[in-house]
Amino acid sequence: MAPADRRPGDTGPSGPRPAPAGPDIALDGVSVRYGPARNPVTAVGDVSLTVAPGEFVVLVGPSGCGKTTLLRLMAGFERPAAGTVGVHRKTGVVFQQPRLFPWRTVAGNLAFALARHGVPRTGRATRIEELLRLVGLPGMGGRRTWELSGGQRQRVAIARALAAEPQILLMDEPFAALDALTRERLQEEVRTLAATTGTTVVFVTHSAEEAVLLGSRVLVMAAAPGRIVEEVAVPLPRDPDTDVAALRGAAPVASLRAELARATREAALTS
């Protein structure tokens with residue numbers, strides 16, 4: 001991934017690539033429908049949003065409101081029934097489950113991703129160590145994935161997503177299955193990673209606290225159909241040296257968490 005002294009648009013050994021003048025992500029009047037043509041179900045209805053370079057945007061809302069559907073649209077896994085989706089830079093995706101190859105080592109999983117993205121074999125070992133250091137797993141390349149803890153496997157999944165040096169990272173509840181302590185640790189690491197590299201992040205969660213701690217902006221969604229009903233700005237410090245653990249108990253975080261919890265409850269009632 002880009003070193004800390006690079007700008008948000010810089011990436012890779014080939015040199016700087018400027019960030020686009022406009023947003024990294026732009027959805028305009030997007031709708032998604034499922035089911036038979038005569039009686040379709042509208043999963044997402046007329047959603048418009050933009051995500052600027054370097055933003056950390058979090059999507060929250062009740063189950064079935066379309067958070068993951070929006071993420072899949074951004075990733076290119078689905079197409080809208082109406083509207084347009086513009087994603088203007090390279091993306092990486094992290095799922096709720098790591099989805100690693102259990103028959104490969106940690107290094108083998110990363111080597112597979114690097115090969116898919118055209119990294120020459122001669123440069124893969126160095127890049128693998130860079131990725132493992134970036135996610136706090138130096139020297140773990142020889143381990144089998146089944147020897148790792150849940151948090152370690154999710155770190156490998158994040159490293160795999162970073163293998164192509166994406167400028168945009170899409171994360172779908174990546175910490176939902178982890179214990180509380182590991183979840184907190186990874187929240188801090190992902191927040192610092194995004195602040196250090198300038199990577200644009202869109203993150204899905206059900207946790208108001210997680211949304212406040214990670215996001216620079218939180219979008220609250222309601223269901224039937226899925227739509228954005230409120231936006232909550234998060235004016236907390238975002239520099240790489242921020243003590244995230246200290247932020248957890250701070251009064252501004254408690255206030256924002258309460259505001260977001262209220263907005264999410266109201267969204268659930270309107271669904």
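Between Arg155 and Gly136, the closest heavy-atom pair is NH1-O, 3.6 Å. Residue Ile25 comes nearest to Leu170 through the heavy atom pair CD1-CD2, 4.4 Å, listed as atom of the first residue, atom of the second, then distance. The two residues Pro62 and His206 come nearest to each other via the heavy atoms C-NE2, 4.3 Å. Residues Pro23 and Pro53 come closest through the heavy atom pair CA-CD, 4.2 Å. Of all the heavy atoms in Pro225 and Val44, the pair that sits closest is CB-C, 4.4 Å. When all heavy atoms of Pro80 and Leu73 are compared, the pair lying nearest together is N-CD2, 3.7 Å.
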Please report the C-alpha distance between Arg183 and Glu210 in whole Å, then the side-chain angles of each, then the deciding distance to 0.1 Å, and finally whether the salt bridge (charged side-chain N to carboxylate O under 4.0 Å, His left out) criterion is met. CA-CA 9 Å; Arg183 183 170 185 159; Glu210 186 166 75; 3.0 Å; yes
For the pair Trp146 and Trp103, evaluate side-chain contact (heavy atoms from CB on, under 4.5 Å) and give the outcome as yes or no after the intermediate values. CA-CA 9 Å; Trp146 47 264; Trp103 59 89; over 6 Å; no
Can you check side chain to side chain donor-acceptor pair (under 3.5 Å) on Ser31 and Asp46, steps first, answer last? CA-CA 5 Å; Ser31 294; Asp46 195 23; 5.5 Å; no
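One hydrophobic cluster, built from ILVMFWY side chains closer than 4.5 Å, holds both Leu59 and Val32.
Contacts classified as side-chain hydrogen bond (donor to acceptor under 3.5 Å, both in side chains) and involving residues 251-269 (residues at least two apart or in different chains) are given here: Glu209-Arg257, Glu230-Arg262, Arg262-Glu266.
Taking 4.5 Å as the limit, some side-chain heavy atom of Leu132 sits within range of a side-chain heavy atom of Val106. The closest side-chain heavy-atom distance from Thr145 to Pro102 is below 4.5 Å.
At least one donor-acceptor pair closer than 3.5 Å links the side chain of Arg238 to the backbone N or O of Leu214. With hydrogens and angles disregarded, no donor-acceptor distance shorter than 3.5 Å links the side chain of Gln154 to the backbone of Phe175. Lys67 places no side-chain N or O within donor-acceptor distance of the main-chain N or O of Met221, the cut-off being under 3.5 Å. Ser216 contributes a side-chain N or O that, together with a main-chain N or O of Phe56, makes up a donor-acceptor pair within less than 3.5 Å. Of the possible donor and acceptor atoms, one in the side chain of Arg248 sits under 3.5 Å from a partner among the backbone N and O of Glu184. Using modelled atom types, one side-chain atom of Thr105 and one backbone atom of Gly108 make a donor-acceptor pair closer than 3.5 Å. Put simply, the side chain of Glu129 never gets that close to the backbone of Thr126: no donor and acceptor are under 3.5 Å apart. Side-chain N or O atoms of Arg227 include one that pairs as donor or acceptor with a backbone N or O of Ala223 at under 3.5 Å. Counting only distance, with no hydrogens or angles, the side chain of Thr182 and the backbone of Asp179 share no donor-acceptor pair below 3.5 Å. A donor-acceptor distance shorter than 3.5 angstrom exists from the side chain of Lys90 to the backbone of Ala164, with no hydrogens or angles considered.
Of the residues listed (Ile158, Thr205, Val58), the one engaging Met171 in a side-chain contact (heavy atoms from CB on, under 4.5 Å) is Ile158, and it is the only one. When the options Leu114, Ile128, Leu100 are evaluated for a side-chain contact (heavy atoms from CB on, under 4.5 Å) with Asn109, the one that passes is Leu100.
Here the straight-line distance linking atom CG of Leu131 with atom CG of Leu110 works out to 6.0 Å at 0.5 Å rounding. Note that CZ of Arg160 is 7.0 Å distant from CZ of Phe101, once rounded to the nearest 0.5 Å. The CZ atom of Arg143 lies 5.5 Å from the CG atom of Leu148; values are rounded to the nearest 0.5 Å.
Between Arg127 and Glu165 a salt bridge is recorded (basic side-chain N to carboxylate O distance below 4.0 Å).
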